[in-house]
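Notes follow once the structure below has been shown.
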Amino acid sequence: MKSITERHQYILKKLQDAGFVNVQDLSNEMNVSHVTIRKDLKLLEDKNLLFRTHGGGSKTNPYINDKPVAEKEQLHADEKHLIARAAAKMIGHNDSIIIASGTTMLALARSINPEKHLTVITSALNVSLELSSHLHVDVLQLGGQLRQNSSSVMGPYAEQILADVSCSMLFLGVDGIDLEMGLTTTSLMEARLNQKMIDAAQITVVLADSSKFGKRGLGKICGLEQIQHIITDSGIAPSTIKLLEDKGINVTIVEK
């Protein structure tokens, strides 16, 4: 059995490699109880070496504060552009899709230039404006309460429209992806609208740069079992890719 020093070294090495650790995995790998692992994580957090999360630990603070859309647009801009281009290739002729809100969704709208008809339903005002000049794109703008930090609408009016539609794909941006909690955003109302979008789509494709992994927002959108595809960049840890694929999720990695 490992000593406390050896356990801490093991935990910190795994944390460095993957960005997060899981109590269950650490318990199995080191053959100690969950209680022992939780005590180890508490001691390491007290030394400012990690952040404890529900069921594990993270090397970065997992709890997200909302930022204005103009500020978020500058973060990981190159990665968002590449992710958006990969997502645009998934859209077929005469397709009907939903595009949620967020800066990666705006990058997706800028990457769309269909040669044939496309119907887009969106909650994002900036996405609608971006697509409004395209000859072959019909845009259905959802209505409701304006959320300024994401330039999007939310609330029961938007949800009511989604209850009456069915689309092939939803392209969804998130503020956090946690392997236990699932997909999250910083707004409870937006999380609820995103849930309705998932219900209205046959396939949910999450567009998220690698900085979103191991993070949590206030509002839970859904568990990982409800999504089919994630497009992200090469900053994601290989161990995270494997865990996602083990859950049956297709993972596309874009490279600079």
Side-chain angles (χ1 to χ4, degrees), residues 9-30 37 41 50-64 72 75-91 99-100 102-105 107-108 111 169-185 194 197-198 201-217 220-256:
Q9 289 174 342
Y10 183 89
I11 291 169
L12 292 173
K13 175 63 167 62
K14 188 162 186 177
L15 190 67
Q16 184 62 38
D17 292 341
F20 66 94
V21 288
N22 178 275
V23 170
Q24 180 66 58
D25 292 343
L26 293 172
S27 174
N28 293 340
E29 291 162 9
M30 293 191 282
I37 295 299
L41 295 178
L50 56 74
F51 295 90
R52 282 188 298 164
T53 66
H54 177 72
S58 170
K59 68 179 181 181
T60 58
N61 190 336
Y63 299 103
I64 306 159
K72 289 191 284 189
L75 300 174
H76 310 286
D78 292 341
E79 289 84 353
K80 291 174 181 177
H81 176 67
L82 293 171
I83 290 167
R85 288 177 57 186
K89 294 176 182 178
M90 298 180 66
I91 301 171
I99 298 179
T103 52
T104 311
M105 300 301 103
L108 171 59
S111 299
M169 275 186 292
L170 161 64
F171 293 99
L172 180 64
V174 299
D175 290 317
I177 302 177
D178 182 277
L179 293 178
E180 291 189 351
M181 190 171 185
L183 310 183
T184 58
T185 184
N194 290 159
M197 290 177 173
I198 291 171
Q202 296 177 35
I203 296 173
T204 297
V205 183
V206 176
L207 311 187
D209 66 78
S210 57
S211 72
K212 303 293 179 66
F213 289 88
K215 301 287 181 66
R216 290 185 179 189
K220 180 175 179 177
I221 300 170
C222 69
L224 293 174
E225 70 279 357
Q226 287 186 259
I227 65 173
Q228 289 74 42
H229 201 132
I230 293 177
I231 305 177
T232 188
D233 61 81
S234 56
I236 185 175
S239 58
T240 302
I241 298 173
K242 184 179 186 305
L243 288 169
L244 293 169
E245 290 178 337
D246 287 346
K247 293 178 180 292
I249 299 170
N250 293 319
V251 181
T252 296
I253 307 297
V254 298
E255 302 279 353
K256 286 189 177 181

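Asp17 pairs by the salt bridge (charged side-chain N to carboxylate O under 4.0 Å, His left out) definition with Lys13, not counting sequence neighbours. Considering only residues two or more places apart in sequence or on other chains, Thr232 meets the side chain to side chain donor-acceptor pair (under 3.5 Å) condition with none of them. Thr104 pairs by the side-chain contact (heavy atoms from CB on, under 4.5 Å) definition with Lys80, Ile83, Leu207, not counting sequence neighbours. In this structure Asp25 satisfies the side chain to side chain donor-acceptor pair (under 3.5 Å) test with no other residue, sequence neighbours excluded. Partners of Glu255 according to the side-chain contact (heavy atoms from CB on, under 4.5 Å) rule, which considers only residues two or more places apart in sequence or in another chain, are Ser234, Ile253. Applying the side chain to side chain donor-acceptor pair (under 3.5 Å) test to Ser27 and every residue at least two apart in sequence or in another chain returns nothing. Taking the salt bridge (charged side-chain N to carboxylate O under 4.0 Å, His left out) definition, one finds that Lys220 meets it with nothing, sequence neighbours left out. Remark: Gln226 pairs with no residue by the side chain to side chain donor-acceptor pair (under 3.5 Å) rule, at least two apart or across chains.
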Kindly list each side-chain donor-acceptor pair under 3.5 angstrom involving residues 239-247, sequence neighbours excluded, with atom names and distances?
unit_1, atom_1, unit_2, atom_2, d
Lys242, NZ, Asp246, OD2, 3.0

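Remark: the backbone N or O of Ile231 is not paired with any side-chain donor or acceptor of Thr252 at under 3.5 angstrom. Under a 3.5 Å cut-off, the side chain of Asp233 and the backbone N or O of Ser210 do form a donor-acceptor pair.
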**Request:** Would you sort out whether Val21 and Leu41 count as a side-chain contact (heavy atoms from CB on, under 4.5 Å), showing the intermediate values?
**Result:** CA-CA 10 Å; Val21 288; Leu41 295 178; 4.1 Å; yes
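Separating the NE2 atom in His229 from the CE atom in Met90 is a distance of 5.0 Å, to the nearest 0.5 Å.
Here the side chains of Asn250 and Val205 are not in contact, with every heavy-atom distance at 4.5 Å or above. Asn22 is not listed as a side-chain neighbour of Leu179, based on a closest heavy-atom distance of 4.5 Å or more. Between Thr185 and Val174 the shortest side-chain heavy-atom distance does not fall below 4.5 Å.
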